[in-house]
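This report concerns only the one structure given below.
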Number of protein chains: 2
Amino acid sequence: MDIVAEIVRSLEEDIARLAPGDRIPSEHDLMTRFGATRASVRRAIEVLESRFLVRRSQGAGTFVNRRIDLVLAPDRAPSLHEAVAASGSVARTFVIGTERRAAPEDIAARLGAAAGAELTRLTRLGYIDDDPATCGEEWLAPGALDVADLHLKTVESLTEVLRASGADPVRARSRVSTAFAPPEVAERFTARDPVPVWHIETLTTDGRGGRPLMFSRAWTRQDRVRVVVEYEPVP
Amino acid sequence: MDIVAEIVRSLEEDIARLAPGDRIPSEHDLMTRFGATRASVRRAIEVLESRFLVRRSQGAGTFVNRRIDLVLAPDRAPSLHEAVAASGSVARTFVIGTERRAAPEDIAARLGAAAGAELTRLTRLGYIDDDPATCGEEWLAPGALDVADLHLKTVESLTEVLRASGADPVRARSRVSTAFAPPEVAERFTARDPVPVWHIETLTTDGRGGRPLMFSRAWTRQDRVRVVVEYEPVP
DNA sequence: GAGCATTTGTCCGTATGTATT
DNA sequence: CAATACATACGGACAAATGCT
């Protein structure tokens, strides 16, 4: 009984012996192997997918998933690029938009701007192994950066740009939780179903004086990245 | 087209107008309402369930889910009991086991004990509105507490007990991530499918001297609790 | 570029089991 | 005990994306 659970168990063992990127047998093959319906086989694979163990691609097959560990700690720079590189994958980030726009009230407040103030907003999209994995926006405090400096292609260097402009950017406070990608983000991920994501917000201030410089808000796919947060109480 | 997505959208609107605990129409009613098969209706409800919007109970029906927000911050005591009470629900915690047992190597190390040392381990199970929602264990450092003090029924008072024994318990470091409940935990939750959970580890030390007192490891159901972690860099 | 086989995505219809009320 | 409602499984059909020829 419970043929789905049996298929799940069996496939789990198989996956443990495979490497990320390896293909698992087609649904048709699994039907004959387990003597089950396609519906049952699919249920089992859906369970594995919801555990982030496999990813499916229509027309291509089902493959063992690779997941990056990202540790966020007070004493460590939270570099997804480094974490990705360390695990042998390739990370790329593109700025897909820069604009001046009236900032939402909460963000304006954090950046010390008046409600409704027009601020510079960068939109970026990050890829891991050529798949979109993270998506987010950065809001710059008034006067933090000259707009002329923003013809950059990678956002990893944004703190570098801030530093070059005479500031001493340090992260002031971060907020991490999980959510489901809002429609405009899910669209970037070319997914329709609810995509479980990490929601990470960070306020960057000037180490000399504490003036707010930048507010960052990002959504990162949970099936591509596992975030671990370590924190200590401030005495 | 995409009848499942249509049902999801429609039910989302309905749910937004309902209160936690309210019942949504039966699958049979939804079949006639949308002119779809039960399979499609179930798919839609499964999507809502995976977003933690509803919970299903065989024989009873499908109900709008209630989720507690728990904010973990360096300057705040992470009290799930308080968060639950503040949202109008009832939290109860029971100690379901106390024993002396050889501690896992990593835990012994954190508590300053020799590898393989026998330590006191408490197992507890937490309920929200009479449903199991959190499950975990506490390991006590050697000499931190007299075993005779452990005939307590609620673990919320554990720091109180430590304090009464002359210590000044403070959280030293916490580690938060998401996972899927291991079998023995899922069993406590009376669930077979993979239950998405928060995995929270905390080391408690003595404020006077920094001696480790207790290591806590807990699994909390994501469909019952939403955790938000706020942290600041230590300069 | 066109055509084709493979593979996953979606939906329909039906039957039976099991927990709740 | 009976009715209700969710859980699980079977079987078939067509659509859509992929990868290869």
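Letters go in sequence order (proteins before strands), and every chain restarts at 1. Remember, predicted model here, so these are calculated numbers, not experimental data.
- Taking all atoms of both residues into account, the shortest heavy-atom contact from Ala60(A) to Arg23(A) is O-NE, 3.4 Å.
- Cation-pi geometry between Arg226(B) and Phe52(B) is not met: the NZ or CZ atom fails to fall both under 6.0 Å from the ring centre and inside 45° of the normal.
- At a cut-off of 3.5 angstrom, counting only N and O atoms as typed in the model, there is no donor on one side facing an acceptor on the other between the side-chain of Glu27(A) and the base of dG9(C).
- Nucleotide dT8(D) holds its C1' atom 12 Å from the CD1 atom of Ile7(A), rounded to whole Å.
- Atom CZ of Arg56(A) is separated from atom C1' of dT7(C) by 11 Å (rounded to the nearest Å).
- Rounded to whole Å, atom P of dC12(C) lies 11 Å from atom CG of Asp2(B).
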Could you walk me through whether Thr120(B) and Arg100(B) satisfy the side-chain hydrogen bond (donor to acceptor under 3.5 Å, both in side chains) test, starting with their C-alpha distance in whole Å, then the side-chain angles of each, then the deciding distance to 0.1 Å, before giving a yes or no? CA-CA 5 Å; Thr120(B) 301; Arg100(B) 301 276 300 173; 3.0 Å; yes
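- Residue Arg23(A) is classed as a sugar-phosphate contact, given heavy-atom separations below 4.0 Å to backbone atoms only.
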When you look at Glu138(A) and Ser216(A), which way does the side-chain hydrogen bond (donor to acceptor under 3.5 Å, both in side chains) test go after all the steps? CA-CA 4 Å; Glu138(A) 266 92 27; Ser216(A) 165; 3.1 Å; yes
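- Inspection of the Ser87(A) and Arg66(A) side chains reveals no N or O donor paired with an N or O acceptor under 3.5 Å.
- To the nearest angstrom, C1' of dT18(C) lies 5 Å from CD of Gln58(B).
- Below the 3.5 angstrom threshold, one finds no donor paired with an acceptor across the side chain of Arg43(B) and the base of dG9(C).
- Regarding Arg42(B), its CZ atom lies at a distance of 16 Å from the C1' atom of dC12(C), rounded to whole Å.
- For Arg38(A), the listed nucleotide lying nearest its side chain is dA13(D); candidates were dA13(D), dT8(D), dC12(C).
- Ser40(A) comes within 4.0 angstrom of the backbone, heavy atoms only, and of no base.
- If you take CZ of Phe34(A) and P of dG11(D), they are 17 Å apart, rounded to a whole angstrom.
- Separating the CD1 atom of Ile3(B) from the P atom of dA15(D) is a distance of 17 Å, rounded to the nearest angstrom.
- Atom CE of Met31(A) and atom P of dG12(D) are 9 Å apart (whole Å).
- Between Ala39(A) and Ser57(A), the residue anchored nearer the 5' end of DNA chain D, judged by the nucleotide with its closest heavy atom, is Ala39(A).
- Here the side chain of Ala36(B) is nearest to one of dC12(C), dT21(C), dC6(D), namely dC12(C).
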